[in-house]
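Please read the structure below before turning to the comments.
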Amino acid sequence: MNADQLLARNLLSALSNGGVEPFFQPIVSLDDGHILGFEVLARWRDPVEGFISPDRFIPIADRFGLLDRLLDQLMRTSFLAATEWPHNLFLGFNVSPLQLRNSELATRIARAAADTSFPLSRVHIEVTESGFIDDLTQPRRTLDRLINLGCMIAMDDFGTGYSSLTWLSSLPFSKIKIDSSFVMAMHEHRQSRKIVAAVVGLGHSLGLAVVAEGVETAVQADLLRGMGCKLAQGYLFGRPTPANQVREVLSGCVSSPGVADSSVPMSLELRAHRLAEAYDSDAAIAFMDATGRVVASSTAFDRTMDVGTGEAAGQHIWNLIAVTPETFAELRATDLLDEEFPELETTANGSMARILIRPVKDESSELLGYSVEFGAAAGQQV
Ligand code: C2E
Ligand code: CA
Ligand code: CA
C-alpha cells in the first residue's frame, strides 16, 4: 500500500468515526461588516498524525472517490448545527469538478437538506476549475438541477485556472470568488490590484456577486471597498472556527475590525480610528488626512515616534519622520498619476526605518487620506 492509499484508508475510517468535522469561516458584507454566511471547510484530526491539511487530503479524497461521502457528512453536520443560528445565513460548500460528473450529486444534496430540514436556498456550492473537464454536459446538468432546487453556484479561486472566463460563460455561476493570491498581492503589486479591480468590474457587469478571498488586513479591505467590491472573506473578518464557536463569532461581528457598522457615513476620524484599530496592536501604523496631518495612530506607532500615546494625532507627518512637505507633495502627485507609491527609507526618531505610505480611498475612489506603516529597515529594529 503506498502513502496515498494509506491516507485514503485512514480518511475513510475518519469519515466513519467522526474524525472529520466542518469548520465555518464568515463571509461578510464589506459595507457594514455583517456576516452573510459561512464557507464550510473540512478539518481532519488524525489521532496519530494530528491535524492534516485539506490541501493534502482533499486531492486524495477526490482521486479515491471519497469526496461525496465527505460532502454528505459535512452537509448533514452543518445543517444540524445551523438550526441554532439565524435563518438568513447561507452555507457554502466546496464541490470538486469531478463530483459534478456524478448524476446523483444533486439528489444526495437534496436528501441531506430534506433530512435535516435545511432550505436549499441557503446552500451555496463552490466549484473550482482545477481538474480540467472537457465535457461539460453532466456538470452543467448537475448545476442546473442544483439551481432548480434553489442553490446558488459560485466559481471558486477565480483567476487561477487556465480558462476561468470560458467556465464563467459556459456554466451557470451567480457568484465569483477572487482567489486570495491576487488579494494578498494587491498591497505590493499594481498588476494584482488591477486584476482584482477588473474582476470586480467584470463580475458586476455580468450581474454576479463578487467575493474577495484571503482578506487579512484593513488596508486590503479598504482597497477592495474602493473598487466597489461588496463581499469578503479572510482572517481579518474571522478564521475558520468549529460549530460550537459560531455563536460567539456571530455576536462579535458587530464590532468587526475595519468595518463600518451602520449606514450612517463614517467621519474621516472614525474611519481612521477603525483603520488604526484594525491593525495588530504591535503594528506601527497611522492614518493621516490628505494634508499630511495624523488623524489616528496605533500605540506602537506612538512608541516608535517616542511620543506619548495619542500624541502623534494632530501633528503633521513631517514633524514626526524625516519627510519634507515637498516629498509628501511628490507622493501625492504619484498617486494622482495612478502610479505606485515608492517605499521611503528615512529616519524616524533617530534610526533608519522603511516607511510605507499608501493612499486610502472610499467607495467612490475619493481620497480619504493616507496610511503610514513602519517596517524594519534592513537589519534594524524599529
Ligand atoms: P478554498 O476553497 O479556497 O478555501 C479557502 C482557504 O483559504 C481555506 O483553507 C481557508 O482556511 C483559507 N483562508 C481563508 N481566509 C484566509 C486568509 O485570510 N489568509 C490565508 N492565508 N488563508 C485563508 P483550507 O481550509 O486549508 O482549505 C484549503 C482548500 O481545500 C480549500 O480552498 C478547498 O479548495 C479545499 N477544501 C477544504 N474543505 C473542503 C471540502 O470540504 N471539500 C472540498 N472539495 N474541498 C475542500
Ligand atoms: Ca472554497
Ligand atoms: Ca477559494
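First listed ligand is number 1; within each ligand, the first listed atom is number 1.
The Ca ion (ligand 3) lies under 3.0 Å from an N, O or S atom belonging to Glu213. The distance from the Ca ion (ligand 2) to the nearest N/O/S atom of Asn94 is under 3.0 Å.
Given atom 5 (C) of ligand 1, the protein heavy atom at minimum distance is Glu213 OE2, 3.9 Å. The nearest heavy-atom contact from the protein to atom 30 (O) of ligand 1 is Pro54 CB, 3.5 Å. Nearest protein heavy-atom neighbour of atom 38 (N) of ligand 1: Ala42 N, 3.1 Å. Nearest non-hydrogen protein atom to atom 28 (C) of ligand 1 is Asp55 OD1, 3.4 Å. Residue, atom and distance of the protein heavy atom nearest to atom 44 (N) of ligand 1 are Asn94 O, 3.5 Å.
Using a 4.0 Å cut-off to heavy atoms of Pro240, the atoms of ligand 1 that qualify are 11 (O). Set against the non-hydrogen atoms of Met184, the atoms of ligand 1 under 4.0 Å away are 19 (N), 20 (C), 21 (N). Heavy-atom contacts of Gly234 reach the following atoms of ligand 1: 15 (N), 18 (O) (cutoff under 4.0 Å). In the vicinity of Leu41, heavy-atom distances shorter than 4.0 Å reach the ligand 1 atoms 4 (O), 8 (C), 10 (C), 11 (O), 25 (O), 37 (C), 38 (N).
Phe38 and Phe24 have perpendicular rings, their planes meeting at more than 60° on a 0 to 90° scale where under 30° would count as parallel.
Checked for salt-bridge contact, Glu126 and Lys177 meet the test: a charged N lies under 4.0 Å from a carboxylate O. Using a 4.0 Å cut-off between charged nitrogen and carboxylate oxygen, Arg56 and Glu49 count as a salt-bridge pair. With respect to the salt-bridge test (charged N to carboxylate O, under 4.0 angstrom), the residues Asp222 and Arg225 qualify.
For the pair Thr128 and ligand 1, no heavy-atom separation below 4.0 Å is found. Ligand 1 is approached by Gly214 to a heavy-atom distance shorter than 4.0 Å. Residue Arg239 places no heavy atom under 4.0 Å from ligand 1.
Not one N or O on the side chain of Arg43 forms a donor-acceptor pair closer than 3.5 Å with the backbone of Gly19.
Contact annotation for Leu74 and ligand 1: only side-chain heavy atoms (C-beta onward) come within less than 4.0 Å of the ligand. By the criterion of a heavy-atom distance under 4.0 Å, the side chain of Ile58, and not its backbone, is placed next to ligand 1. The residue Lys177 has no part lying near ligand 1, judged by heavy-atom distances below 4.0 Å.
Checking only distances, Arg43 does come within under 3.5 Å of ligand 1, N or O to N or O. Residue Glu39 has at least one N or O atom closer than 3.5 Å to an N or O atom of ligand 1. Considering backbone and side-chain atoms together, Tyr235 places an N or O closer than 3.5 Å to an N or O of ligand 1. For ligand 1, one of its N or O atoms has an N or O atom of Asp156 under 3.5 Å away. At least one N or O atom of Asp157, backbone or side chain, sits closer than 3.5 Å to an N or O atom of ligand 1.
Counting heavy atoms from C-beta outward, Phe90 and Ile27 have side chains that approach closer than 4.5 Å.
Closest to the Ca ion (ligand 3) among the N, O or S atoms of Asp157 is OD1. Checked against the Ca ion (ligand 2), the N, O or S atom of Glu39 at the shortest distance is OE2.
Considering each of Gln25, Arg56, Glu216, the one bringing a non-hydrogen atom nearest atom 20 (C) of ligand 1 is Glu216.
Centred on the Ca ion (ligand 2), the angle running from Asp156 (OD2) to Glu126 (OE1) is recorded as 100°, rounding to 10°.
With hydrophobic clusters built from ILVMFWY side chains whose heavy atoms lie under 4.5 angstrom apart, Leu12 shares a cluster with Trp44.
A cation-pi arrangement, defined by a distance under 6.0 Å to the six-membered ring centre and an angle within 45 degrees of its axis, is absent between Arg76 and Phe79.
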